[in-house]
Structures are given as C-alpha cells and as structure tokens.
Amino acid sequence: MINTTNRRLSSRRTSRRNSDINITNLMDVMMVLLVVFMVAAPLMTSGIALDLPKVGGKALEGEETSINISVDKDGSYYIGKTLISDDKIVAKVKAIRGENQQASVTISGDTTSEYGRVINLMAMLKQAGFEKVGLKTGARPMLKGK
C-alpha cells in the first residue's frame, strides 16, 4: 500500500510539461516587421527631388550595382541627399565603388539643369576611368493610337 501511495504522490509532483513551440507571437512580430520594411524601403532609396526628362525606351537590366549621382536645377551634384563639390565628386565616387569594378555610374539630371553641368560630370568620370556612365530618364507616357 505504501508503494502505490508514493507513486500517486510522485506522479502528482512531476507534471507533464508542454514541449510544443508556440510560434504565434513570433509570426505576429515578423508580420509587423515585414509591413514596416515594406513601407520604409521606398523612402530609403530616394535622393533629392528631380524632374527627369521623359524619353522612350525600356529599362536597363543587369546584375551590377549602380552609383546614382544627381544634378539639380542649380547645377549642384548630389550622391543620395549629400551635396558634393565639383573637385571632390570623382574621389567620392571612386571611394563608393571600392572593390566592385563592375559598378556603373548613373547620372540623374533635372530637366532644367544646365546641359554643360551634366556633360562636364560625364567627362570627369570618363577621364577618371569609369567606363559605364549612363543617364537616367523618366518614362514617357504612352500616346494613344501608337
């Protein structure tokens, strides 16, 4: 009789623990983070506000990364939102490019910016050894009937 009593007491003391993992809370947190990053991602890629010229054509496709330099309506050079002086622009782009020699440079010129400022920037980059220098444009709205 003593053995059965001890078994009942020991079975009451050692309760069975739940070994299942509840991932509901983890999923809630991950969904909130996903929404936050989806909303914040477009804001992180924006630079200064430019009115790009509208032309036809299709978007470029490629694996390499691109360094975007903006020329605003006053003719100032920007990388992201940082104003860069004329004499330091080539050194700054070389520092950003670093080890990735396949990185291209894209120039975004405002519609009202001076043509000479954009061409001068292209010439400086070509002289510094940048082989892939392009101009960024906006898409032209499709005309009806064409």
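Residues take their numbers from the sequence shown, with the count starting at 1. Given the structure is predicted, the values throughout are model-derived calculations rather than measurements.
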If hydrophobic clusters are built by linking Ile, Leu, Val, Met, Phe, Trp and Tyr wherever their side-chain heavy atoms come under 4.5 Å apart, do Tyr115 and Ile107 end up in the same one? yes
Which pair of heavy atoms, one from Val118 and one from Gly109, lies closest together, and at what distance? CG2-CA, 4.4 Å
So does Asp86 pair up with Arg117, basic N to acidic O under 4.0 Å? yes
Flag, side chain of Lys126 to backbone of Glu131, donor-acceptor distance under 3.5 Å: yes
Any side-chain heavy atom of Met27 sitting closer than 4.5 Å to one from Thr24? no
Just wondering, more than 12 heavy atoms not from Ile23 lying within 6.0 Å of its CD1? no
Close side-chain approach of Ile69 to Leu125, heavy-atom, < 4.5 Å: yes
Do Met124 and Tyr77 have side chains that get closer than 4.5 Å, going by heavy atoms? yes
With a 4.5 Å cut-off on side-chain heavy-atom distances among I, L, V, M, F, W and Y, is there a chain of contacts connecting Val32 to Met38? no
CD1 of Ile89 to CG of Leu83, rounded to nearest 0.5 Å, is 9.0 Å
Leu121 CG to Ile84 CD1 distance, which is reported to the nearest 0.5 Å: 11.5 Å
Between the CD atom in Glu114 and the OG1 atom in Thr112, the distance rounded to the nearest 0.5 Å is 10.0 Å
Whether Asp74 side chain and Ser76 backbone form a donor-acceptor pair below 3.5 Å: no
Rounded to the nearest 0.5 Å, how far does CG of Asn68 lie from CD1 of Ile96? 10.5 Å
Heavy atoms from other residues, nucleotides or ligands near NZ of Lys88 exceed 12 (cutoff 6.0 Å): no
Side chains of Leu135 and Met122 in contact at under 4.5 Å (non-hydrogen atoms): yes
Taking all atoms of both residues into account, what is the closest heavy-atom pair of Ala128 and Val90, and its distance? CB-CG1, 3.3 Å
Spacing of Ser70 atom OG and Lys136 atom NZ [to the nearest 0.5 Å]: 7.5 Å
